Enquirer: 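One structure follows; several queries about it will come next.
Every value quoted in this text rests on a predicted model; they were computed, and no experiment measured them.
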Amino acid sequence: MSRSWEGRLLAIGGPDGRRRVEVEHAIEDVRTLRVVVQGTLDEARCAGLLRRASMIFRQHCARTSQAS
(Lines give C-alpha, C1' and ligand atoms only; values in the text may rest on other atoms or scores of the structure.)
Protein backbone atom coordinates (compact mmCIF):
# COMPACT_ATOMS: atom_id res chain seq x y z
CA MET A 1 0.00 0.00 0.00
CA SER A 2 1.19 3.47 -0.74
CA ARG A 3 2.40 4.84 2.61
CA SER A 4 1.27 8.39 1.84
CA TRP A 5 -2.39 7.26 1.91
CA GLU A 6 -2.26 5.00 4.98
CA GLY A 7 -4.59 6.12 7.76
CA ARG A 8 -6.10 8.92 5.65
CA LEU A 9 -9.80 9.69 5.39
CA LEU A 10 -10.82 9.36 1.73
CA ALA A 11 -13.96 10.32 -0.16
CA ILE A 12 -15.58 7.73 -2.41
CA GLY A 13 -16.22 10.40 -5.05
CA GLY A 14 -16.16 14.10 -5.75
CA PRO A 15 -13.29 16.40 -6.69
CA ASP A 16 -9.69 15.37 -6.10
CA GLY A 17 -7.65 16.90 -3.33
CA ARG A 18 -8.00 17.82 0.31
CA ARG A 19 -11.33 19.39 1.29
CA ARG A 20 -13.92 19.72 4.03
CA VAL A 21 -17.19 17.84 3.70
CA GLU A 22 -20.31 17.48 5.83
CA VAL A 23 -21.45 13.95 6.59
CA GLU A 24 -24.31 12.44 8.57
CA HIS A 25 -23.47 11.34 12.09
CA ALA A 26 -23.23 7.55 12.28
CA ILE A 27 -25.82 7.11 15.04
CA GLU A 28 -27.61 10.46 15.44
CA ASP A 29 -29.81 11.07 12.39
CA VAL A 30 -30.32 14.80 12.91
CA ARG A 31 -26.64 15.58 13.41
CA THR A 32 -23.97 16.26 10.78
CA LEU A 33 -20.23 16.48 11.18
CA ARG A 34 -17.62 18.43 9.25
CA VAL A 35 -14.61 16.31 8.35
CA VAL A 36 -11.52 16.85 6.23
CA VAL A 37 -10.92 14.26 3.51
CA GLN A 38 -7.42 14.02 2.12
CA GLY A 39 -8.49 13.03 -1.37
CA THR A 40 -10.53 10.45 -3.21
CA LEU A 41 -10.32 6.70 -3.32
CA ASP A 42 -9.43 6.97 -7.02
CA GLU A 43 -6.51 9.29 -6.23
CA ALA A 44 -5.19 6.86 -3.64
CA ARG A 45 -5.66 3.93 -6.00
CA CYS A 46 -3.67 5.70 -8.71
CA ALA A 47 -0.91 6.35 -6.16
CA GLY A 48 -0.70 2.65 -5.32
CA LEU A 49 -3.40 1.92 -2.74
CA LEU A 50 -4.14 -1.77 -2.99
CA ARG A 51 -7.39 -2.57 -4.70
CA ARG A 52 -8.14 -5.31 -2.17
CA ALA A 53 -8.05 -2.84 0.73
CA SER A 54 -10.71 -0.67 -0.91
CA MET A 55 -12.90 -3.69 -1.69
CA ILE A 56 -12.76 -4.83 1.94
CA PHE A 57 -13.74 -1.34 3.10
CA ARG A 58 -16.68 -1.14 0.68
CA GLN A 59 -17.92 -4.56 1.81
CA HIS A 60 -17.73 -3.41 5.43
CA CYS A 61 -19.69 -0.24 4.62
CA ALA A 62 -22.35 -2.22 2.76
CA ARG A 63 -22.81 -4.58 5.73
CA THR A 64 -22.95 -1.64 8.14
CA SER A 65 -25.61 0.20 6.13
CA GLN A 66 -27.73 -2.97 5.74
CA ALA A 67 -27.71 -3.49 9.51
CA SER A 68 -29.36 -0.08 10.12
Side-chain angles (χ1 to χ4, degrees):
M1 184 184 312
S2 174
R3 296 255 184 234
S4 63
W5 293 99
E6 284 184 25
R8 304 288 180 159
L9 183 60
L10 302 172
I12 292 175
D16 288 351
R18 186 173 191 253
R19 66 188 188 281
R20 290 178 196 260
V21 296
E22 282 197 21
V23 295
E24 283 186 31
H25 191 278
I27 57 175
E28 296 177 26
D29 291 335
V30 296
R31 189 170 166 203
T32 60
L33 301 171
R34 288 185 188 157
V35 296
V36 176
V37 294
Q38 301 301 317
T40 63
L41 192 54
D42 285 340
E43 278 183 282
R45 222 183 257 134
C46 288
L49 181 71
L50 291 175
R51 182 180 175 140
R52 177 160 167 68
S54 64
M55 289 188 327
I56 290 169
F57 178 74
R58 285 186 179 186
Q59 289 170 354
H60 170 74
C61 289
R63 280 195 304 262
T64 303
S65 67
Q66 289 173 359
S68 327

Enquirer: Nearest 0.5 angstrom please: Arg8 CZ to Glu43 CD, how far?
Expert: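 Going from CZ on Arg8 over to CD on Glu43, the span is 12.0 Å.
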
Enquirer: If you look at every heavy atom in Ala44 and Leu10, which pair is closest and at what distance?
Expert: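 Heavy-atom minimum between the residues: CB-CD1, 3.7 Å.
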
Enquirer: Knowing that exactly one of Val36, Thr40, Val35 qualifies, which makes a side-chain contact (heavy atoms from CB on, under 4.5 Å) with Arg19?
Expert: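 Output: one option passes, namely Thr40.
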
Enquirer: Examine Val23 and Ile12 and state if one hydrophobic cluster contains both, with Ile, Leu, Val, Met, Phe, Trp and Tyr joined whenever side-chain heavy atoms are less than 4.5 Å apart.
Expert: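 Val23 does not cluster with Ile12.
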
Enquirer: Please check this pair: side chain of Gln38 against backbone of Gly17, looking for a donor-acceptor N/O pair closer than 3.5 Å.
Expert: no

Enquirer: Any non-hydrogen side-chain atom of Arg45 less than 4.5 Å from a side-chain atom of Trp5?
Expert: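 Arg45 does not reach Trp5 side chain to side chain.
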
Enquirer: Could you list the residues that satisfy salt bridge (Lys or Arg N to Asp or Glu O under 4.0 Å) with Arg31, not counting sequence neighbours?
Expert: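 Scan of Arg31 (salt bridge (Lys or Arg N to Asp or Glu O under 4.0 Å), adjacent residues dropped) gives Glu28.
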
Enquirer: By side-chain hydrogen bond (donor to acceptor under 3.5 Å, both in side chains), which residues pair with Arg34, not counting sequence neighbours?
Expert: Glu22

Enquirer: Where do Val37 and Val21 come nearest, in terms of heavy atoms and distance?
Expert: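 So the minimum-distance heavy-atom pair works out to CG1-CG2, 4.0 Å.
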
